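Before any comments, here is the structure.
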Amino acid sequence: MEVTLLRADIDNAKELHAMQVEAFKELLEKYQDFDTSPANENMEKIEARLKQDFTFYYFICIGQQKAGAIRIIDKKENEKNKRISPIFVLPEFQGKGIAQKAIRLCEEMHGNENWELDTILQESKNCHLYEKMGYRQTGKTKVINERLTLTFYEKKEADRT
């Protein structure tokens, strides 16, 4: 299955928003993280990000189908981390290695070293994915509520897999 990335722009804000809500809806219901869940963000927030010159949104595509999206924050500064926030794959496409391929493509496009992201500590599949790809927990966590804790990851040049 070939995964490709298609750069999104401001005209895609509504579509990105709808996909993001769909992809994170189940996690929002599970963790009740109404203040931090991407499923609860409004479209204006996505529009504002799309206008940032250091934000790169890509649709994750399987053939002609949009299976999800990934946002890369890349300020193009030496020794500064690039950030993945968020990445999502629609429910019907999950569990097929699509996120892993999309992250690899982004790392190739934006440079293999100095990456960071965060994910839900309680979601072991997410943690496993990032660790398998060479990301290491920093030891930093942030408790969102009694159900959910974020854990932070980074990947340096030496961590490449």
Side-chain angles (χ1 to χ4, degrees), residues 1-50 52 54-74 81-112 115-137 144 147-155 159-161:
M1 169 176 18
E2 186 183 3
V3 174
T4 58
L5 299 179
L6 174 65
R7 180 86 187 262
D9 61 28
I10 194 71
D11 295 332
N12 303 117
K14 189 174 183 178
E15 183 178 13
L16 279 169
H17 181 257
M19 291 174 72
Q20 179 172 295
V21 168
E22 173 69 20
F24 284 100
K25 179 174 59 177
E26 190 176 309
L27 291 174
L28 175 61
E29 290 170 8
K30 182 176 180 179
Y31 294 109
Q32 306 286 301
D33 56 325
F34 299 106
D35 293 333
T36 59
S37 174
N40 232 20
E41 287 180 356
N42 60 35
M43 196 172 70
E44 289 75 24
K45 191 164 188 175
I46 291 173
E47 288 174 335
R49 288 179 183 149
L50 281 161
Q52 296 169 331
F54 53 83
T55 283
F56 301 83
Y57 263 106
Y58 301 99
F59 286 109
I60 303 168
C61 301
I62 308 298
Q64 298 301 310
Q65 270 191 304
K66 293 174 181 167
I70 185 170
R71 174 182 175 230
I72 304 300
I73 301 163
D74 184 357
N81 284 349
K82 295 166 282 280
R83 181 168 178 72
I84 298 171
S85 177
I87 179 172
F88 57 87
V89 176
L90 294 171
E92 62 267 29
F93 294 100
Q94 291 176 4
K96 300 178 180 180
I98 294 168
Q100 184 174 339
K101 290 177 183 175
I103 290 169
R104 290 248 187 271
L105 289 169
C106 287
E107 289 174 348
E108 289 171 17
M109 291 172 14
H110 290 272
N112 285 312
W115 286 87
E116 65 182 48
L117 57 85
D118 59 75
T119 194
I120 299 170
L121 181 61
Q122 291 82 356
E123 290 295 314
S124 58
K125 286 181 182 176
N126 290 359
C127 295
H128 176 73
L129 164 69
Y130 300 128
E131 289 167 13
K132 180 172 68 171
M133 296 187 68
Y135 287 78
R136 302 288 172 245
Q137 288 192 32
I144 302 301
R147 297 179 181 103
L148 185 153
T149 300
L150 292 177
T151 184
F152 293 80
Y153 282 87
E154 65 181 8
K155 183 177 183 179
D159 298 328
R160 289 195 336 156
T161 56

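Here the structure is a predicted model, which is why all the values come from computation and not from measurement.
In this structure, the separation between CD1 on Ile72 and CZ on Phe54 is 13.5 Å, given to the nearest 0.5 Å. Taken to the nearest 0.5 Å, the OH atom of Tyr135 stands 14.0 Å off from the OG1 atom of Thr151. Taking CG of Asp33 as the reference point, atom CG of Asn40 lies at 8.0 Å (rounded to 0.5 Å). To the nearest 0.5 angstrom, Gln100 atom CD is 11.5 Å from Ile98 atom CD1. Rounding to the nearest 0.5 Å places CG of Leu27 at 8.5 Å from CG of Leu148.
We find that Glu116 and Lys155 are not joined by a salt bridge, their nearest charged nitrogen and carboxylate oxygen being 4.0 Å or further apart. The residues Lys66 and Glu15 are annotated as salt-bridged, a charged nitrogen and a carboxylate oxygen being separated by less than 4.0 angstrom. Ion pairing between a basic and an acidic side chain is recognised when a charged N comes within 4.0 Å of a carboxylate O; Arg49 and Glu41 show such pairing.
No side-chain donor from either of Gln94 and Lys125 sits under 3.5 Å from a side-chain acceptor of the other. In summary, the side chains of Glu154 and Gln137 do not present any donor paired with an acceptor at a separation below 3.5 Å, with no hydrogens or angles considered.
Here the side chains of His17 and Lys14 are not in contact, with every heavy-atom distance at 4.5 Å or above. Contact check for Ile60 versus Ile70: side-chain heavy atoms found under the 4.5 Å cut-off. Looking at heavy atoms from C-beta onward, Tyr58 lies out of side-chain contact with Ile87 at the 4.5 angstrom threshold.
Side-chain atoms of Lys101 come within 3.5 Å of backbone atoms of Met1 as a donor-acceptor pair (strictly under, hydrogens ignored). In terms of modelled atom types and a separation under 3.5 Å, the side chain of Arg7 and the main chain of Phe56 share no donor-acceptor contact. At least one donor-acceptor pair closer than 3.5 Å links the side chain of Arg71 to the backbone N or O of Ser85.
Atom CD of Glu26 has 12 or fewer neighbouring heavy atoms from other residues, nucleotides or ligands inside a 6.0 Å radius. Shown here is Asp35, whose CG atom has no more than 12 heavy atoms of other residues, nucleotides or ligands within 6.0 Å. For Glu44, the CD atom is densely surrounded, since the number of other residues' heavy atoms within 6.0 Å is greater than 12. For Glu2, the CD atom sits in a loose shell: 12 or fewer heavy atoms of surrounding residues, nucleotides or ligands are nearer than 6.0 Å.
Residues Ile84 and Leu117 approach most closely at O-CB, 3.7 Å, considering heavy atoms. Considering every non-hydrogen atom in both Cys106 and Leu5, the closest pair reads SG-CD1, 3.5 Å.
With Tyr31 as reference, Glu123 is the one residue of Arg147, Glu123, Gln122 to meet the side-chain hydrogen bond (donor to acceptor under 3.5 Å, both in side chains) rule.
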